[in-house]
Amino acid sequence: MTPAQTAGDLRVAFDRGITKPLSWRLAQLKAMRRMLTERSAEFEDALLADLGKNPTESQIAELGFVVGEIDHMVRHLRRWLRPKRVSVPGALLPAGASIVREPVGLVLVIAPWNYPVQLLLAPAVGAIAAGNAVVLKPSELAPATSAAMARLIPEYLDRRAVAVVEGGVPETTELLAQRWDHIFYTGNGRVGRIVAAAAVENLTPVTLELGGKSPVYVDDTVDLAAAAARIAWGKFMNAGQTCVAPDYVLATPAVAARLATALAAAVTTLYGDDPAASPDYGRIVDDRQFQRLAALLDAGTTVTGGTYDAASRYLAPTVIVDVPRDAPVMREEIFGPILPIVAVDGPDDAIRYIASGDKPLALYVFSESAKIRRRFLTETSSGAVGFGVPAAHLAVAGLPFGGVGESGMGAYHGERSLQTFSHEKAVLTKSLKPDTLRLIYPPFTEAKDKFARGLLRKLG
Ligand code: NAD
């Protein structure tokens, strides 16, 4: 079946109303949960093959993450779907007003390769919970995971309304040429623009979950060893191929020197003296990404790492100090295990530097000073802010997850996912009697004019 035919079939299923009942939505979410638990070994093997991802890390950041998202959704869905009453201005009374969440229809989810389970299925949880039919397009760069999705999803979920379309650019291009009611894309900004341009054709709303350089600011008020442990964990997980990974660190030269030593020690604690031999350390996804990253190593002074093996696409966890602001590694999102530390004069300089670039997906501040934290919060813009911890905000279901500006538009997770994949329909109910509105019907008189001016004040 072609991607276009799949989309057509799912459109018919949606139009027949099979995805709308709450019972269908809950059954699908529970089936997805069963798939992730009963067949976790197959997904873990696929993630190991695609990214050298350790099975424990796969549980934490991929399978377990989606299970948590499903459980949260299942627990709250009935309540979140209840019409939400809103107040009616006095001048319109008697009347009742409410917001009703209705499914948008047919949804396309396009996922990247770096968290190929989480970033395909977490959006699907929201799309299904909202009562939509959904086509899932996994990344061709994580082929084992893509194949596992294509094999297992039809086995567990309702094939009439949930489909997987595998493939690369030609298949995605064909999908994008169809009419969708929402397109949810995670990946880089270049393709994000292609997706947005295709969506314009049918005025389809899009969510773009993109990337960028997420900065870290560290000052001398914190325990640097503890901060280094957190930063190294967030940076080197999945070999740095995490959209919310710390991209680079800003610190004064004195802090940078001490932090670099602490980071080197943290890497050893996490992955031993030889990370190449650690079963917990991942690999770069493909040769193209590997070559791109290897070319970025030539900057500043390497404190730890800097070594690599092209054949196994191993790139050591690397920390570099004295990195000039115009070094290649500071010009693009790194998206790999290289952590440059750039010297700044202090918070003013750091804030100016961050604010002069694209708005990042996340910003991390390690400072015990409430004043410094507040300054970063109010004087910079980013998708999220983490004080004292990188990346973990995305595990808080109550927080919307998404970017701003170059790091994306729209958000999801928890109730925000339901909102993303629903149309919030405004409903006003007013009985025909008493007909209070007749006071504003033409023909207009002086008395009505007086009344109208008063009414407008009341409405405003
Ligand atoms: P990728 O190469 O797997 O691409 C993502 C998807 O786009 C794939 O499904 C692919 O088939 C499709 N695609 C690629 N080229 C296309 C084209 N020309 N036309 C249509 N579709 C096309 O993944 P990637 O973009 O390399 O992912 C890495 C980027 O994603 C990084 O910038 C990272 O920061 C970002 N990211 C963001 C998030 C987030 O949640 N905000 C999460 C993960 C990754």
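Note that ligands are numbered from 1 as they come in the structure, with each ligand's atoms numbered from 1 the same way.
In terms of N/O distances under 3.5 Å, ligand 1 is approached by Gly187. Polar contact with ligand 1: present for Ser139 (N/O pair, distance under 3.5 Å). Inclusion of Glu140 in the set of residues having an N or O under 3.5 Å from an N or O of ligand 1 is warranted. At least one N or O atom of Asn188, backbone or side chain, sits closer than 3.5 Å to an N or O atom of ligand 1. The shortest N or O to N or O distance between Val169 and ligand 1 is not under 3.5 Å. Ligand 1 has no nitrogen or oxygen under 3.5 angstrom from a nitrogen or oxygen of Ser407. Looking at Thr186 next to ligand 1, no N or O pair under 3.5 Å apart turns up. Between Leu210 and ligand 1, an N or O atom pair is found at a separation short of 3.5 Å.
In this structure a side-chain-to-backbone donor-acceptor pair under 3.5 Å is present from Gln178 to Glu174.
Counting protein heavy atoms only, atom 14 (C) of ligand 1 is closest to Val191 CG2, 3.8 Å. Scanning the protein heavy atoms around atom 26 (O) of ligand 1, the nearest turns out to be Trp113 NE1, 3.1 Å. Among protein heavy atoms, the minimum distance from atom 39 (C) of ligand 1 is reached at Cys243 SG, 3.3 Å. Nearest to atom 27 (O) of ligand 1 among the protein's heavy atoms is Pro112 CB, 3.7 Å.
In terms of heavy atoms, Met330 sits closest to Arg325 at CB-O, 3.5 Å. When all heavy atoms of Thr6 and Val135 are compared, the closest pair comes out as CG2-CG2, 4.4 Å. Taking each heavy atom of Ile70 and Arg33 in turn, the nearest pair found is CD1-N, 3.7 Å.
Centroid-to-centroid, the aromatic rings of Phe184 and Tyr412 come within less than 6.0 Å.
The part of Tyr185 lying near ligand 1 is the side chain, judged by heavy-atom distances below 4.0 Å. Contacts of Val195 with ligand 1, taken as heavy-atom pairs under 4.0 Å, are absent altogether.
Those atoms of ligand 1 with a heavy atom of Ile110 less than 4.0 angstrom away are 6 (C), 7 (O), 9 (O). Residue Lys137 approaches ligand 1 through these ligand atoms, each under 4.0 Å from one of its heavy atoms: 8 (C), 9 (O), 10 (C), 11 (O). Listed by atom number, the atoms of ligand 1 under 4.0 Å from Glu209 heavy atoms are 37 (C), 38 (C), 39 (C), 40 (O), 41 (N). With ligand atoms numbered from 1 in the order given, ligand 1 contributes 41 (N) to contacts under 4.0 Å with heavy atoms of Leu361. Atoms of ligand 1 found under 4.0 Å from any heavy atom of Leu119 (numbered from 1 in listed order, with element): 42 (C), 43 (C). Shown in contact with Leu141 at under 4.0 Å from a heavy atom are these atoms of ligand 1, numbered in order with element: 2 (O). Taking every non-hydrogen atom of Ile194 and a distance limit under 4.0 Å, the qualifying atoms of ligand 1 come out as 18 (N). The atoms of ligand 1 that sit less than 4.0 Å from any heavy atom of Ala111 are 5 (C), 6 (C), 8 (C), 9 (O).
Between Lys359 and Glu406 there is no salt bridge, since none of the side-chain N atoms of the basic residue sits less than 4.0 Å from a carboxylate O of the acidic one. Under 4.0 Å is where a charged nitrogen must lie from a carboxylate oxygen, and between Arg292 and Glu332 at least one such pair does.
The cationic group of Lys235 does not satisfy the cation-pi geometry with Tyr248, failing either the under 6.0 Å distance to the six-membered ring centre or the 45° limit from the ring axis.
A donor atom on one side chain and an acceptor atom on the other are found under 3.5 Å apart for Ser312 and Asp309. Side chain to side chain, Glu44 and Gln59 meet the donor-acceptor criterion of an N or O pair below 3.5 Å.
In this structure Phe236 satisfies the ring-ring contact (aromatic ring centres under 6.0 Å, His included) test with no other residue, sequence neighbours excluded. Residues forming a ring-ring contact (aromatic ring centres under 6.0 Å, His included) with His76 (at least two apart in sequence, or on another chain): His72, Trp80.
Comparing Thr172, Thr242, Asn114 against atom 20 (C) of ligand 1, the shortest heavy-atom distance belongs to Thr172. Between the choices Glu333, Gln241, Arg190, the shortest heavy-atom distance to atom 34 (O) of ligand 1 belongs to Glu333. Considering only non-hydrogen atoms, atom 28 (C) of ligand 1 lies nearest to Phe335 out of Phe401, Tyr115, Tyr412, Phe335.
Proximity of Leu399 to His413: side-chain heavy atoms (C-beta onward) are nowhere separated by under 4.5 Å.
The distance from the CG atom of Leu108 to the CG atom of Leu176 is 6.0 Å, given to the nearest 0.5 Å. How far CG of Leu210 is from OH of Tyr185: 7.0 Å, rounded to the nearest 0.5 Å.
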